[in-house]
**Student:** 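Can you read through this structure? Questions will come right after.
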Amino acid sequence: MTTTRRFAQVDVFASAPISGNPVAVVLDATDLDDQQMAAFARWTNLSETTFVLPPTDPDADYRLRIFTPGGELPFAGHPTLGSAHAWLESGGHPRGDNIIQQCAAGLITIRRDGERLAFAAPPLGRSGPVNEDTLLEIRAALGLQLSDVVASNWVDTGSNWIGLVLTSGERVLSVQPDFTALGDHHVGLIGAYRNDPHYVDRVDYEVRAFAPGVGTPEDPVTGSLNAGFATWLRSEHEIPEHYVVAQGTALGRAGRLYVDDDGERIWVGGVSVTTITGSISL
């Protein structure tokens with residue numbers, strides 16, 4: 001039986017209208033089965049579509065399921081913040097000072113920071129060195145020389161990301177990926193801008209994210225990847241406590257992420273803006 005459900009589409013990590021990464025949010029997904037969720041995610045054809053459900057954990061405010069066009073994810077950053085934004089706008093009230101989201105990766109804490117929402121980075125599900133054969137495949141698919149890559153590591157926060165630090169933000173932007181050759185690898189790139197006047201709004205790093213295997217050749221702005229980068233590089237003292245990331249530049253977007261390490265948790269945040277509200281029939 002078809003039911004009318006509340007719906008929102010939210011632009012996440014926005015710096016201006018329609019500048020970030022959109023997420024489709026079904027605000028009452030009770031009684032939808034896995035096949036219906038997956039079919040709707042394929043139909044929206046966005047990098048992620050989410051479904052808000054009553055929590056099964058007594059500490060959570062709501063439960064979230066996150067789908068790409070190619071399948072379900074245990075956690076993702078921009079869907080987390082966009083869904084929290086839509087939930088609040090639809091009348092949701094957290095029981096405590098912070099919002100607690102239940103998802104397949106566990107409980108995720110989301111805090112309100114002025115006009116921004118920020119999530120606490122979950123622990124890395126996988127970290128450590130990347131197999132040399134895998135790195136060789138990735139460098140070939142991205143047209144990178146060995147000298148272009150400063151460091152590499154698994155930075156898996158739920159999406160199997162492999163992170164590569166490149167020599168500069170400019171080198172990150174110049175990459176022209178061969179998505180067929182990249183295959184099922186989920187690869188993120190980060191590079192620093194060092195006193196570069198290219199950005200007037202104090203952007204410190206450029207990030208790009210490639211995941212062609214799940215139907216997202218290049219993700220415009222990626223919270224989970226940035227959380228993974230921050231967790232890895234802060235542990236190595238290779239990145240400051242507070243910094244700003246630009247992502248989506250190569251796609252004509254102007255996504256902005258704000259990363260803060262308060263000494264206990266790493267927070268990844270940004271501005272979310274509702275662009276579409278209404279109802280859907282599912």
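No experiment lies behind these values; they were computed from the predicted model shown.
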**Student:** Can a donor-acceptor pair be found, under 3.5 Å and without considering hydrogens, that links the side chain of D33 to the backbone of Q36?
**Tutor:**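 Yes, because the side chain of D33 sits within donor-acceptor range (under 3.5 Å) of the backbone of Q36.
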**Student:** Measure the shortest side-chain to side-chain distance between L164 and V130 over non-hydrogen atoms and say whether it is less than 4.5 angstrom.
**Tutor:**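 They are not in side-chain contact.
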**Student:** Look at the side chain of D148 and the backbone N and O of Q145, then say whether any donor-acceptor pair between them is shorter than 3.5 Å.
**Tutor:**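 Side chain of D148 to backbone of Q145, a donor-acceptor pair under 3.5 Å: yes, one is there.
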**Student:** Could you measure the distance from the CD1 atom of I239 to the CG atom of D261? Nearest 0.5 Å is fine.
**Tutor:**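 Those atoms lie 10.5 Å apart.
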**Student:** Please enumerate all residues that pass side chain to side chain donor-acceptor pair (under 3.5 Å) together with S174, with sequence neighbours excluded.
**Tutor:**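 Residues passing side chain to side chain donor-acceptor pair (under 3.5 Å) with S174: R171.
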**Student:** When you compare the side chain of L64 with that of I66, does any pair of heavy atoms fall below 4.5 Å?
**Tutor:**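 Side-chain contact under 4.5 Å: yes.
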**Student:** Roughly how far, to the nearest 0.5 Å, is CG of L233 from CG of N153?
**Tutor:**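 The distance works out to 8.0 Å.
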**Student:** Applying side-chain contact (heavy atoms from CB on, under 4.5 Å), name anything that partners P122, two or more places apart in sequence or on another chain.
**Tutor:**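 Expected list: F75, I108, F119, T157.
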**Student:** Got a sec, which residues hit side-chain contact (heavy atoms from CB on, under 4.5 Å) with P123, two or more places apart in sequence or on another chain?
**Tutor:**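 With sequence neighbours excluded, P123 shows a side-chain contact (heavy atoms from CB on, under 4.5 Å) to no residue whatsoever.
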**Student:** Calculate, to the nearest 0.5 Å, the distance between atoms OG1 and CG belonging to T249 and L173 respectively.
**Tutor:**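 Here the rounded value is 5.5 Å.
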**Student:** Out of curiosity, L73 CG to S224 OG, how far, rounded to the nearest 0.5 Å?
**Tutor:**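 L73 CG to S224 OG: 7.5 Å, rounded to 0.5 Å.
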**Student:** According to side chain to side chain donor-acceptor pair (under 3.5 Å), who are the partners of Q9, at least two apart in sequence or on a separate chain?
**Tutor:**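 Q9: no side chain to side chain donor-acceptor pair (under 3.5 Å) contacts found.
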**Student:** Check for me, please, whether V203 and L225 land in the same ILVMFWY cluster - side-chain distances under 4.5 Å, paths through other members count.
**Tutor:**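 No, separate clusters.
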**Student:** Between the main-chain N or O of P22 and the side-chain N or O of H78, is there a donor-acceptor pair closer than 3.5 Å?
**Tutor:**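 It does hold such a pair.
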**Student:** Does a sphere of radius 6.0 Å around CD1 in I18 hold more than 12 heavy atoms from other residues, nucleotides or ligands, not counting ones at 6.0 Å or beyond?
**Tutor:**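 Counting neighbours around CD1 of I18, 12 or fewer heavy atoms of other residues, nucleotides or ligands fall under 6.0 Å, so no.
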**Student:** Less than 4.5 Å apart, any side-chain heavy atom of I99 and any of L88?
**Tutor:**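 I99 reaches L88 side chain to side chain.
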**Student:** Check A76 against E48 and note the closest heavy-atom contact, atom names and distance.
**Tutor:**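 That closest heavy-atom pairing would be CB-OE2, 4.1 Å.
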**Student:** Run the side chain to side chain contact (heavy atoms under 4.5 Å, CB included) test on E218 and F210 for me, step by step, so that the C-alpha distance in whole Å, both residues' side-chain angles and the decisive distance to 0.1 Å come before the verdict.
**Tutor:** CA-CA 5 Å; E218 181 164 358; F210 309 116; 3.4 Å; yes
**Student:** May I have all residue pairs that pass side chain to side chain donor-acceptor pair (under 3.5 Å) and include part of residues 132-144, sequence neighbours excluded?
**Tutor:**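 Checked against side chain to side chain donor-acceptor pair (under 3.5 Å) - neighbours excluded - the pairs reaching residues 132-144 are E137-H185.
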**Student:** Can you confirm whether V26 sits close enough to V52 that some side-chain heavy atom of one is under 4.5 Å from a side-chain heavy atom of the other?
**Tutor:**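 No, too far: nothing below the 4.5 Å cut-off.
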**Student:** Please find the pair of heavy atoms, one from R234 and one from P240, that lie closest to each other, and give the distance.
**Tutor:**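 Smallest heavy-atom distance, with atoms named: CD-O, 3.4 Å.
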**Student:** Judged by atom type as modelled, is there a donor-acceptor pair below 3.5 Å linking the side chain of R208 to the main-chain atoms of V172?
**Tutor:**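 Between the backbone of V172 and the side chain of R208 there is a qualifying donor-acceptor contact (under 3.5 Å).
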**Student:** Supply the atom-to-atom distance M37 CE to F67 CZ, rounded to the nearest 0.5 angstrom.
**Tutor:**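 The CZ atom of F67 is 6.0 Å from CE of M37, to the nearest 0.5 Å.
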**Student:** Quick one: does V23's side chain get under 4.5 Å of L46's, heavy atoms only?
**Tutor:**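 No - every pair of side-chain heavy atoms lies 4.5 Å or more apart.
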**Student:** Quick one: do Y258 and V221 end up in the same hydrophobic cluster if we chain Ile, Leu, Val, Met, Phe, Trp and Tyr together by side-chain heavy atoms under 4.5 Å apart?
**Tutor:**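 Each belongs to a different hydrophobic cluster.
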**Student:** Which is it for R112 and L117 under the side chain to side chain contact (heavy atoms under 4.5 Å, CB included) test, yes or no, and what are the steps along the way?
**Tutor:** CA-CA 5 Å; R112 287 177 276 197; L117 293 174; 3.3 Å; yes
**Student:** According to a hydrophobic-cluster definition based on side-chain heavy atoms being under 4.5 Å apart (Ile, Leu, Val, Met, Phe, Trp, Tyr only), do L257 and W232 belong together?
**Tutor:**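 Both belong to a single hydrophobic cluster.
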**Student:** Quick test of your reading: applying salt bridge (Lys or Arg N to Asp or Glu O under 4.0 Å), list the pairs with at least one residue in residues 51-78, sequence neighbours left out, ordered by first then second residue.
**Tutor:**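 Every pair satisfying salt bridge (Lys or Arg N to Asp or Glu O under 4.0 Å) with a residue in residues 51-78: D34-R65, D61-R95, R65-E72.
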**Student:** Do D219 and T222 meet the criterion of a side-chain donor-acceptor pair at a distance under 3.5 Å?
**Tutor:**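 T222 and D219 do have a side-chain donor-acceptor pair below 3.5 Å.
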**Student:** Can you see which heavy atom on R253 is nearest to which on G20, and at what distance?
**Tutor:**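 Heavy atoms of R253 and G20 come nearest at NH1-O, 2.6 Å.
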**Student:** Only counting residues at least two apart or in another chain, list the ones meeting ring pair (Phe, Tyr, Trp, His ring centres under 6.0 Å) with W161.
**Tutor:**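 Ring pair (Phe, Tyr, Trp, His ring centres under 6.0 Å) check on W161 returns H186.
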**Student:** Is it true that D11 and N21 share a donor-acceptor pair across their side chains at a distance under 3.5 Å?
**Tutor:**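 No.
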**Student:** Does the side chain of E89 come under 3.5 Å of the side chain of T274 through a donor N or O and an acceptor N or O?
**Tutor:**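 Indeed, the side chains of E89 and T274 share at least one donor-acceptor pair under 3.5 Å.
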**Student:** Would you name the heavy atoms of S281 and T2 that are closest together and state the gap between them?
**Tutor:**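 Taking S281 first and T2 second, the nearest heavy atoms are CB-CG2, 3.5 Å.
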**Student:** For residues I190 and W267: do they belong to one hydrophobic cluster (side chain heavy atoms under 4.5 Å, members Ile, Leu, Val, Met, Phe, Trp, Tyr)?
**Tutor:**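 Per the 4.5 Å side-chain linkage, I190 and W267 are not co-clustered.
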**Student:** Hey, what do you get for OG1 (T4) to CG (L282), rounding to the nearest 0.5 Å?
**Tutor:**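 Nearest 0.5 Å value for the OG1-CG distance: 9.5 Å.
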**Student:** Under 3.5 Å, is there a donor-acceptor pair between the side chain of D178 and the main chain of A181?
**Tutor:**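 Yes, because the side chain of D178 sits within donor-acceptor range (under 3.5 Å) of the backbone of A181.
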**Student:** Quick one, L136 with I138, criterion side chain to side chain contact (heavy atoms under 4.5 Å, CB included). Give me CA distance, side-chain angles, the key distance, then yes/no.
**Tutor:** CA-CA 5 Å; L136 184 62; I138 290 171; over 6 Å; no
**Student:** Test of understanding: with side chain to side chain donor-acceptor pair (under 3.5 Å), list the residues that count as partners of T30, not counting sequence neighbours.
**Tutor:**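 With neighbours one apart ignored, the set is D28.
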**Student:** Who passes side chain to side chain donor-acceptor pair (under 3.5 Å) against D31, sequence neighbours left out?
**Tutor:**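 D31: side chain to side chain donor-acceptor pair (under 3.5 Å) contacts with R5.
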**Student:** Main chain of L124, side chain of S127: is a donor-acceptor contact present, judged purely on distance under 3.5 Å?
**Tutor:**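 Not confirmed, S127 side chain does not pair with L124 backbone.
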**Student:** Kindly work out whether a path of hydrophobic side-chain contacts (I/L/V/M/F/W/Y, heavy atoms less than 4.5 Å apart) joins L251 to V207.
**Tutor:**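 Cluster IDs for L251 and V207 differ.
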**Student:** For T50 and S83, test the side chains for any donor-to-acceptor distance below 3.5 angstrom and give the result as yes or no.
**Tutor:**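 Checked: T50/S83 side chains pair up, N/O donor to acceptor below 3.5 Å.
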**Student:** Could you check whether any side-chain heavy atom of Q101 comes within less than 4.5 Å of a side-chain heavy atom of I110, counting everything from C-beta outward?
**Tutor:**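 Side-chain contact under 4.5 Å: yes.
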**Student:** Applying side-chain contact (heavy atoms from CB on, under 4.5 Å), can you list everything that pairs with D97, at least two apart in sequence or on another chain?
**Tutor:**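 Checked D97 against side-chain contact (heavy atoms from CB on, under 4.5 Å); zero matches.
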**Student:** Does any non-hydrogen side-chain atom of S279 lie less than 4.5 Å from one of R6?
**Tutor:**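 Side-chain contact under 4.5 Å: no.
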**Student:** If you apply the rule ring pair (Phe, Tyr, Trp, His ring centres under 6.0 Å), what do you find for Y193 with Y205, and how did you get there?
**Tutor:** CA-CA 6 Å; Y193 289 111; Y205 295 89; 8.5 Å; no
**Student:** Please find the pair of heavy atoms, one from G228 and one from V155, that lie closest to each other, and give the distance.
**Tutor:**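 Of all heavy-atom pairs spanning G228 and V155, the closest is O-CG1, 3.5 Å.
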**Student:** Can you name the closest pair of heavy atoms from Y243 and N226 and give their distance?
**Tutor:**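 Nearest pair, atom of Y243 first, then N226: OH-O, 4.4 Å.
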**Student:** Just to verify, what does W87 make a ring pair (Phe, Tyr, Trp, His ring centres under 6.0 Å) with, not counting sequence neighbours?
**Tutor:**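 Ring pair (Phe, Tyr, Trp, His ring centres under 6.0 Å) check on W87 returns Y62.
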**Student:** With a 4.5 Å limit on heavy-atom distance, are the side chains of L189 and L142 in contact?
**Tutor:**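 The answer is yes, as the side chains (C-beta and beyond) meet within the 4.5 Å cut-off.
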**Student:** With side chain to side chain contact (heavy atoms under 4.5 Å, CB included) as the test, would you mind laying out the steps for L27 and V25 before giving the verdict?
**Tutor:** CA-CA 6 Å; L27 284 157; V25 185; 4.0 Å; yes
**Student:** In chain order, what residues pass the side-chain contact (heavy atoms from CB on, under 4.5 Å) check against T49, with sequence neighbours excluded?
**Tutor:**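 Applying side-chain contact (heavy atoms from CB on, under 4.5 Å) to T49 gives A24, F40, A41, T44, F51.
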